[in-house]
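Okay, so here's the structure we're looking at.
Just so it is clear: chains get the letters A, B, ... in the order the sequence lines come, proteins before strands, and each one is counted from 1.
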Amino acid sequence: MKPAAPAAPEPRNFFQDVHEVVRLVPSGRVTTYGAIAHYLGARHGARTVGYAMMAAHTADQYVPAHRVLNRLGHLTGRLHYATPFAMQEALEAEGIRVEEDRVLDFSKLFWDPSVELA
DNA sequence: GCATTGACTTGGG
DNA sequence: GCCCAAGCCAATG
């Protein structure tokens, strides 16, 4: 019989893996695409992680993508939200200070899954 | 099957 | 600290 339902627009397990790691990010903390990629093996490349985040918009469960930033702590994905302020407000709602589209004390708030989940 | 694009990262100027 | 170029993987046309 058929191995799977090709009609299902769901991507590979890799997307679910990325979404799961993002959900594990505690409130008030942030992580980066590179950290997630490294936790998953770093073979897929940070770009693929970012691509998975774009799919997070269509994920079954909610994914706190606002806690995922680039290595500089910039809110790179804010333009992908319904409103460009949604991501910043979501971060500030968790006690994270955001200034000029970048997270303050990013080094302190940085949450590395390859270390915290070790 | 090749070329383009994308929520990235690193290195050099 | 910021900008440009190269490398990387996956999806789309």
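- There is no path of hydrophobic side-chain contacts, each under 4.5 Å, that joins V30(A) to Y39(A).
- Contact annotation for A52(A): no contact, since no heavy-atom pair falls under 4.0 Å across all strands.
- No hydrogens or angles considered: nothing links the side chains of E89(A) and H66(A) as a donor-acceptor pair under 3.5 Å.
- DNA chain B is contacted by both N70(A) and T48(A); T48(A) maps to the nucleotide lying nearer its 5′ end (nearest heavy atom per residue).
- Protein atom CG of L40(A) is 13 Å distant from nucleotide atom C1' of dC9(C), rounded to whole Å.
- In this structure, the nucleotide among dC9(C), dA7(B), dT9(B) sitting nearest to the side chain of T32(A) is dT9(B).
- When distances run from any side-chain atom of A65(A) to the nucleotides dA10(C), dT9(B), dA7(B), the shortest one goes to dA7(B).
- If you take CG of L72(A) and P of dC3(C), they are 11 Å apart, rounded to a whole angstrom.
- Remark: P of dG1(C) and CG of L104(A) are 13 Å apart, rounded to the nearest angstrom.
- To the nearest angstrom, C1' of dG1(C) lies 16 Å from CZ of F106(A).
- Between the CZ atom of F14(A) and the P atom of dC9(C) there is a distance of 12 Å, rounded to whole Å.
- Look at R102(A) and you won't find any side-chain N or O under 4.0 angstrom from OP1 or OP2 of dG1(C).
- Salt bridge status for R29(A) with E116(A): absent, with no side-chain N to carboxylate O gap under 4.0 Å.
- For H80(A), whose side chain is taken as the heavy atoms from C-beta onward, the closest listed nucleotide among dT9(B), dA11(C), dG6(B) is dG6(B).
- When the nucleotides dT9(B), dA7(B), dA10(C) are ranked by their closest atom to the side chain of Y81(A), dA7(B) comes out on top.
- Rounded to whole angstrom, the span from the CD atom of E100(A) across to the C1' atom of dC2(C) amounts to 15 Å.
- Looking at Y51(A), its side chain has no donor and acceptor atom pair within 3.5 Å of the base of dA10(C).
- H57(A) places its NE2 atom 13 Å from the P atom of dA7(B), with the value rounded to the nearest Å.
- When distances are taken from the side chain of M53(A) to each of dT9(B), dA11(C), dA7(B), the shortest belongs to dA7(B).
- Of all nucleotides present, none satisfies the Watson-Crick or G-U wobble test against dC8(C) with each distance under 3.5 Å.
- With M87(A) as the partner, the side-chain contact (heavy atoms from CB on, under 4.5 Å) test is satisfied by one option alone out of V68(A), V98(A), T76(A), L69(A): L69(A).
- The distance between atom NE2 of H44(A) and atom C1' of dA11(C), rounded to the nearest whole Å, is 15 Å.
- When distances run from any side-chain atom of R71(A) to the nucleotides dA10(C), dT9(B), dA7(B), the shortest one goes to dT9(B).
- Each of L24(A) and I96(A) belongs to its own hydrophobic cluster when Ile, Leu, Val, Met, Phe, Trp and Tyr are linked at side-chain heavy-atom distances under 4.5 angstrom.
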